Amino acid sequence: MEATGSNAWLISLAVFLPLLGALVMMAIPKEEEDLHKLIALASSLAALIAGVFILARFDYDNAGTLQFVVDKSWIDVINSRYIIALDGLSLPMFMLSLVVVPLCIIYSWDHIPEPGNAKAFLILLLVLATGMNGTFVAHDLILFFVFFEVVLLPMYFLIGVWGGPERKYASLKFFLFTLFGSALMILSFLALFFLSDVQTFDMRILPEAAAGIHSTTAIWIFGGMFMGFGIKVPMFPFHTWLPDAHTQAPTVGSVILAAVLLKLGTYGFIRIAIPILPEAAAEWAPWIGLLAVIGIIYGALGCLAQTDMKRLIAFSSVAHMGYVMLGISTLTDFGMNAAVFGMVAHGLITGMLFFIAGSVKERYHTLEISRLGGLLVSAPRLGWILGFASMASLGLPGLAGFWGEFPAILAAYQPADGLPVETFRTYMVIAALGTVLAAGYLLWMYQRTSFGEPSEEWADTEIDDVGTFEWIAWTPFLLAIVVFGVYPNLLFSVTDDAVVNIADIVAKSTGG
Amino acid sequence: MSLATLLAFERPPIDWHAIAPELTLLVVGSLITLADLIWTERIRPLMPTLAGAGLLATLIPILTLAVDGTDRVMFGGAYVIDDLSLVLKALFLIAGYLVVLLSVDYIRNGDYHENEYYSLLLSSLLGMVLLASSRDLITMFMALELLSIPAYMLAGWRKGGATSNEASIKYYLMGVFASAIMLYGMSLLFGMAGSTAFDDIRVALAGPDPSGMAILGVLFVLIGFSFKVSAVPFHTWAPDTYEGAPTPVTAFLAVASKAAGFVALLQLVYVAFPTREDVVEPFFWIMAALTMTVGNLLALRQTNIVRMLAYSGVAQGGFMLAPFAVVGDAPEQSIKAVVTYLIIYVFMNLGAFAVVLAVAARTNSGEISSYSGLFHRSPGLAVAMTVFLAGLAGIPPVSGWFAKFLIWNALLDASSPQGSLLAVVVAVNAVIAFGYYGRIMREMWMSDAPEVTEPHFTVSRALKAAIVLTIIATLAFGIYPQWAARFGDISTSLAL
């Protein structure tokens, strides 16, 4: 702890550097587009460099303990403090968020969506980045809540200003759903504060302090958090905002939404809801598992019904997040490790798919699957990348998607002590069936968009293949999908200690 | 008895330092009137500067009193200077200063009587400053009328406009009606306690079985102030008055005057009626739930921005009333929540009005549709408005979230079923509220600008200053809430 203490400011730096960039950009007139892009890229890259330093100085032997801890006074009247720290659970999510933003900015270099205004677009992206980065490292419930909410407005505007034709409806729906969840979440946080032995929002102390809460009350409090996090994930039946938001959002918005924003919810479950209220979590787990498998099947069936490529990918997110939630609902270290892996893998793969969808839309001005076709002929590289990402998404062994899905299903075979084994085994079978459906809709989509000759509509049109900025933005995604697929231990070894700690808390409260 | 003994009036001891703020305000207000009589046209352009400077000058004795830090009780306990009253006085003066900034161009360009406007504004503020210290029914009533009567006149300042006259008349009639109810309640309380001092009333009200008269007295006084804070069902004057009055006056009524109403309620509930929480709590529970819900639902349907802000103000008032419903179980958290909410509310709502004025100065319209595409026409104003609306909606990191948070904090601290239920009502309303705040954001950011575009936006210096000041406060209180909360912390002294 002492060794890393001197570098404790590194995390705050990585969190707030994008915001600093945004502040600088506000002072520059919007005509200086190139300058804006440079500043945005520089500040997000600077944050990433701070992140790389953190990676280098992180003590991997003690990945289960919080490192780089900063604990400063913030709002004394309510005993809420500025507590920022990292452990093996936060680290991958934090890095994902740090990596995705600069890549999105690079992609935006020549892809600022209609109606333009790079300045506002990039400023919002940077504010969004600060919110996301902060959420993954906050260790005070109120601080977490603030970062969690900072994300809302920028995303609302990204969808609402730069989105598709139904953007106003989609952005409002996104906002109201999430706001409703957050309102209940903050009530739960306050209930925790008042009912714990020590009145605190410190997430490090709360698991012990909250142990005395009466079990019925705890179930209600967990329910509030479930709404907050579950809507964000999103879990069936709160998922309806997601397809609209994804379909209408500009490409970069969809990518960030899929890659990072949805993870705020699942991260919240693992980081906050489960360790603080393990008994209530055990009560809720079968129901969460049920909603998760409904999500898997419902998402997959939803995919099969889609005619729009982007909407299809959005529904596939519902299904994939179902696997993550299934992993979490087992409350075992095995399941939660799978969930964290699934979060990273889904972020990379679905983020990549949304990038491709954006590029397809730009070239064909439509995402109607029936009007596309022959992508492999007209733009072979783009077609191959789509194929690669689809394979990864359906869980092909050797690529990252597999390690999120397969262990999650396996974990349902043996859930934590005290959970109904038969129920979870049934979930396991259903979830396994879901993978077949996933293969079905992804291959079907790939086949109809990429195989064959280009349809008559596009026969004479010259379709550009992958451009420079696209290559720069995409290569890290593609590499990461392969690397994590071939050597999953890279991630599992980081997350394991932290996840085992949480699983121990659960085991102690339910088994003991 | 000889005439000499009758005339030998013995002056009660007066602590001049303690009433220095009130005296300063009085002197400045009189000077403004005198200056206009002597120099007429030549001095008129300086009126807002004089008024603003006077308000800032009044802050100086408040600061010295705060540094001194001793509680001062005067006039047989009728007038109290403590930390809380100083915080509230300073808040009123700062709000008044911001209102002066909002008024400068509006009043000048409309060719309204500048000197009378500012002297009336100052006398209304004097009423508020007095109110913050009053601990006696008579003092409180005097202060209330001193703040209300100039406000009735200000509401009708656009003499040519029918709506402005309607605003003034409606406000006046409802205000007088409320005063009558309140006076009746006060007379009942006086009849029961034999004294107008809050301390005596508190003692007289204590006991397990209160008389019907006592309960009626308490309720009537509370209802009187419910008009002032436009709580449902006593809110009906607010939207028409707000829409018809000159916009800077609306800002003054919606923020400063409403804050004064809450300050009066705080003093009554905490000093005069704390022993009757069995009457106060259910009264405010129902009132708070009704006010926030009705205010929100009506705000959703408005097409005029000032009217929408009026109803949103009603709803915000409902949030501020909520902690009163748990004063008995969580006295400290409740007063902390109300005072902090007031501080935060003053800045974000005045900021929103400043933007409304800046936009109206160009488009001559208060319709929400005139905000279409504001982001493309004047990004600065659009971003400022977004910050204020996000604050009102309670979205972090803009200050409003902390205000709402403290409300929840108070309601849950009571750990009673009613408190928790009201907390959920607040939560649902907080979400509904985004429906209309979000609609303006949507107009500004996501709608296309109308074809006939006005010449480029130029915002006057005074308005710009007001917007910058309020935006800094709104963001600072959101990111580092401790700055606002420490003033709320001071207020807990009243709860002891």
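Each chain gets a letter, A, B and so on, in the order the sequences are listed, and its residues count up from 1. Basis for what follows: all heavy atoms, side chains included, without hydrogens, waters or symmetry-related copies. Treat the numbers as computed from the prediction; the structure is a model and nothing was measured.
Contact annotation for B/Trp401: only side-chain heavy atoms (C-beta onward) come within less than 4.5 Å of a heavy atom of chain A. Using a 4.5 Å cut-off between heavy atoms, B/Ala430 touches chain A through its backbone atoms (N, CA, C, O) alone. The contact between A/Ile75 and chain B is made by backbone and side chain atoms together, counting heavy-atom distances below 4.5 Å. In this structure, the portions of B/Phe405 lying under 4.5 Å from any heavy atom of chain A include both its backbone and its side chain. Using a 4.5 Å cut-off between heavy atoms, B/Leu406 touches chain A through its side chain atoms alone. Of the two parts of B/Val398, neither the backbone nor the side chain holds a non-hydrogen atom closer than 4.5 Å to a non-hydrogen atom of chain A. Within the 4.5 angstrom heavy-atom criterion, only side-chain atoms of A/Ser171, from C-beta onward, approach chain B. Heavy atoms of A/Leu195 lying under 4.5 Å from chain B are absent altogether.
In this structure, the side chain of A/Glu149 does not engage the main chain of B/Pro396 through any donor-acceptor pair within 3.5 Å.
Using a 4.5 Å heavy-atom threshold, the side chains of A/Ile186 and B/Lys404 count as separate. The shortest side-chain heavy-atom distance between B/Phe402 and A/Val146 does not fall under the 4.5 Å cut-off. A/Lys168 places a side-chain heavy atom less than 4.5 Å from the side chain of B/Ser447. Under the 4.5 Å side-chain criterion, counting only non-hydrogen atoms from C-beta, A/Phe194 is not in contact with B/Ser415.
Remark: B/Arg439 engages no residue in a salt bridge (Lys or Arg N to Asp or Glu O under 4.0 Å) (not counting sequence neighbours). Residues passing the side-chain hydrogen bond (donor to acceptor under 3.5 Å, both in side chains) test with B/Ser416: none are found, sequence neighbours excluded.
A pairwise comparison of heavy atoms in A/Val77 and B/Ala485 identifies CG2-CB, 3.2 Å as the closest pair.
Using bins of under 30°, 30° to 60° and over 60° for the plane-to-plane angle, the ring pair B/Phe434/A/Tyr156 lands in the perpendicular bin.
The CG atom of A/Leu153 sits 4.5 Å away from atom CD1 of B/Ile395, with the distance rounded to the nearest 0.5 Å. Interatomic distance, B/Arg442 CZ to A/Arg167 CZ, rounded to the nearest 0.5 Å: 11.0 Å.
When B/Pro379, B/Pro481, B/Ala427 are compared by the number of non-hydrogen pairs under 4.5 Å with chain A, B/Pro481 comes out ahead. Ranked by heavy-atom pairs under 4.5 Å with chain B, the list A/Val150, A/Leu179, A/Leu187 is led by A/Leu187. Here B/Met446 is the residue among B/Met446, B/Gln333, B/Arg486 with the most heavy-atom pairs under 4.5 Å with chain A. Between chain B and the options A/Phe180, A/Phe193, A/Phe157, the largest number of non-hydrogen pairs under 4.5 Å is found for A/Phe157.
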